[in-house]
Protein chains: 2
Amino acid sequence: MPETLIPTAASAVPPRASSIRPPRPTPRSRVVGENSTLLYEGGRNRSLYRVVDGCIVLSQLLDDGRRQITDVLGPGRLFGFTVDGRNIATAETLSIARIEPLGDADLNATNPTVASELKTTLQRMQVHATLLGRKTASEKVASALVELARLFNRTGRNGAPARLGFHLHLTRADLADWLGLTVETVSRCLNRFKREGLIDFSHPKTMRVLDPERLEATAGFTRHRTGDAARP
Amino acid sequence: MPETLIPTAASAVPPRASSIRPPRPTPRSRVVGENSTLLYEGGRNRSLYRVVDGCIVLSQLLDDGRRQITDVLGPGRLFGFTVDGRNIATAETLSIARIEPLGDADLNATNPTVASELKTTLQRMQVHATLLGRKTASEKVASALVELARLFNRTGRNGAPARLGFHLHLTRADLADWLGLTVETVSRCLNRFKREGLIDFSHPKTMRVLDPERLEATAGFTRHRTGDAARP
DNA sequence: GACCTCCGTTGACAGCTGTCAACATCCTCT
DNA sequence: AGAGGATGTTGACAGCTGTCAACGGAGGTC
């Protein structure tokens with residue numbers, strides 16, 4: 001039963017039993033349940049939000065129901081950008097999440113931090129466009145795993161990622177909507193990767209990367225770099 | 001013979017014979033020839049640029065040569081955004097273009113106009129992601145035609161677009177790289193639309209929209225709008 | 001605890017789009 | 001004007017990915 005808009009109460013939110021990463025209390029931050037729609041594309045809102053903890057996806061819909069997830073947000077990322085006062089995208093939680101509203105003023109994005117985030121997001125979108133338009137199904141799924149492993153790896157961000165286990169917050173359908181594929185194709189790719197020893201999972205969302213190098217190779221990860229000539 | 005980086009001279013640039021839209025002289029603006037690479041992805045630059053006139057595309061490359069055009073820019077659009085001082089995308093001219101460098105300070109995007117442009121671009125990228133991930137070849141090509149007709153229609157922007165003729169600055173290969181298709185598929189779609197009376201072209205780049213409504217219908221254009229409930 | 005829906009997996013099959021090839025046309029350069 | 005390359009078109013064919021279907025299992029509700 002998805003809630004709508006931003007609930008103020010942390011109703012269905014038992015703080016995780018042995019909470020490994022204690023949610024640091026942030027000014028005005030709120031906890032939101034899983035599968036809540038926070039913002040609707042085309043709707044109005046008066047604030048930007050920062051993801052403090054959890055996983056949030058942005059999406060757009062075509063009127064026949066086809067969905068495209070345009071971004072997957074982890075801790076630190078901002079969302080709620082508007083054009084002409086209207087939300088660019090729908091925002092939904094894929095996990096219990098803690099979000100922190102930013103002031104009205106930041107809506108104008110004249111805040112340097114916000115502007116920087118905008119540019120980073122723009123870059124991410126362009127990289128994802130290249131994935132959507134020019135990568136094969138296997139490359140897409142492998143790319144997604146590499147990216148999500150970085151975002152949500154279990155070991156925290158204390159230097160070396162011990163074993164590349166992470167919680168996949170997305171369902172197969174979410175992955176499909178993110179990568180421009182169907183559920184069946186995503187499932188087939190994941191299980192092939194599993195058979196080939198690239199990854200492993202017993203529960204559908206408990207992922208472990210067994211062979212990072214081959215996975216990244218499968219992702220066709222490196223973008224072409226013309227860069228500038230080395231300046232000696 | 002593509003030039004590299006920003007040339008200061010307007011070498012191969014005969015100002016268009018009966019120039020309908022006289023290039024308004026802008027402070028410090030420069031004219032750049034067709035098929036020039038202005039910026040390289042991963043390279044450094046110290047300024048943003050505004051497109052005063054002409055057509056410029058942004059692109060990314062995978063290292064095996066696959067290319068994705070991430071945006072098509074017309075008059076008024078900005079480009080040259082960086083992350084960590086590095087260009088996000090390669091920028092190339094598809095026509096003789098006039099560009100105007102903006103000050104260093106604007107690189108930080110704290111200028112409200114720049115910030116607004118960033119948000120608009122972000123929205124465009126998300127709409128395009130939906131196209132790349134969730135539309136069929138026909139829908140993609142039709143969408144592209146609708147968008148390019150708006151961008152480059154011949155009648156200027158004096159209210160009603162008389163007859164929807166416009167100059168297609170992109171080659172079939174450019175269209176393919178923009179839409180995530182192959183040249184052959186693009187060509188087949190365009191010629192089918194021509195047979196069906198949606199569009200017409202004698203020269204490959206001289207496009208005319210004959211049936212805007214059916215073309216937009218083919219584009220599957222309307223995105224789902226949940227909007228806000230009407231407030232009586 | 002039983003039911004029931006959602007989610008994930010797997011197989012069979014089809015069709016959209018990519019691949020390969022040949023050819024036409026346009027443009028540039030000599 | 002002629003040569004040659006880039007661009008565009010069209011056909012034949014293949015294969016990647018989508019579609020349809022069936023099934024199993026997990027989680028949630030009563």
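Numbered from 1 within each chain, the chains take letters A, B, ... in sequence-line order. Computed from heavy atoms alone, side chains included, the values below leave out hydrogens, waters and symmetry copies. From a predicted model like this one, the values you see are computed outputs, not experimental measurements.
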Next on the checklist: If we check side-chain contact (heavy atoms from CB on, under 4.5 Å) with A:R192, which of these qualifies: A:R188, A:K194, A:E196?
Outcome noted: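 Exactly one candidate clears the test, A:E196.
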Item to check | Residue of the set B:N87, B:I88, B:L58 for which side-chain contact (heavy atoms from CB on, under 4.5 Å) holds with B:F81 | outcome: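 For B:F81, the side-chain contact (heavy atoms from CB on, under 4.5 Å) test succeeds with only one of B:N87, B:I88, B:L58, which is B:I88.
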Next on the checklist: Need to verify one output field. Residue with the more 5' nearest nucleotide on DNA chain C, A:R134 or A:L190?
Outcome noted: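 With A:R134 and A:L190 compared, the 5'-side residue is A:L190.
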Item to check | Protein proximity profile, nucleotides 22-30 of chain D - base contact B, sugar-phosphate-only contact S, no contact -, cut-off 4.0 Å on heavy atoms | outcome: -----S---
Next on the checklist: Let me confirm one number: the OG1-CG distance from A:T90 to A:L38, rounded to the nearest 0.5 Å.
Outcome noted: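 Spacing of OG1 (A:T90) from CG (A:L38) equals 10.0 Å.
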Item to check | CG-CG distance between B:L39 and B:N45, expressed to the nearest 0.5 angstrom | outcome: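 One finds 5.0 Å between CG of B:L39 and CG of B:N45.
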Next on the checklist: In terms of relative ring orientation, are B:H128 and B:W178 parallel, tilted or perpendicular, with 30° and 60° separating the classes?
Outcome noted: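 Judged by the thresholds at 30° and 60°, the geometry between B:H128 and B:W178 is parallel.
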Item to check | Rounded to 10 degrees, the angle between the two terminal axes of the helix from C:dG1-D:dC30 to C:dT30-D:dA1, each from five pairs | outcome: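 Roughly 50°, once rounded to the nearest ten degrees.
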Checklist entry - Between residues 175-184 of chain B and DNA chain C, which residues have a heavy-atom gap below 4.0 Å? => result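 Only B:G180, B:L181, B:T182, B:E184 qualify.
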Next on the checklist: Of the options C:dG8, D:dA12, D:dT17, whose atoms approach the side-chain atoms of A:R172 most closely?
Outcome noted: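 Nearest to the side chain of A:R172 among the choices is C:dG8.
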Checklist entry - Any side-chain donor paired with an acceptor under 3.5 Å for A:R172 and A:S187? => result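 Note: A:R172 and A:S187 side chains miss the donor-acceptor criterion.
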Item to check | Side-chain donor-acceptor pair present, B:R77, B:T120, cut-off under 3.5 Å | outcome: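 Looking only at side-chain atoms, B:T120 and B:R77 do not form any donor-acceptor pair under 3.5 Å.
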Next on the checklist: Could you check whether A:R67 pairs with A:E41 (Lys NZ or Arg NE/NH1/NH2 to Asp/Glu carboxylate O, under 4.0 Å)?
Outcome noted: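 Looking at A:E41 together with A:R67, the answer is no, because their closest N to O distance does not fall below 4.0 Å.
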Next on the checklist: Using the rule given for side-chain contact (heavy atoms from CB on, under 4.5 Å), can you reason through A:V209 versus A:F166, listing the C-alpha separation, both sets of side-chain angles and the distance that settles it, and then say yes or no?
Outcome noted: CA-CA 8 Å; A:V209 177; A:F166 64 98; 4.0 Å; yes
Item to check | Length of the line joining A:K135:NZ and D:dT17:P, which is rounded to integer Å | outcome: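 About 14 Å, once rounded to whole Å.
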Item to check | Length of the CG-C1' vector between A:L168 and C:dC7, whole Å | outcome: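 Roughly 13 Å, once rounded to whole Å.
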Checklist entry - Does D:dG8 have OP1 or OP2 sitting under 4.0 Å from an N or O in the side chain of B:N191? => result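 Looking at the OP1 and OP2 atoms of D:dG8, neither is under 4.0 Å from any side-chain N or O of B:N191.
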Next on the checklist: Check this one for me: any side-chain N or O of B:T185 less than 4.0 Å away from OP1 or OP2 of C:dG18?
Outcome noted: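 Yes.
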Checklist entry - Under 3.5 Å, is there an N or O donor on one side and an acceptor on the other linking the side chain of B:R188 and the base of D:dG11? => result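 Counting by modelled atom types and ignoring angles, a donor-acceptor contact under 3.5 Å is found here.
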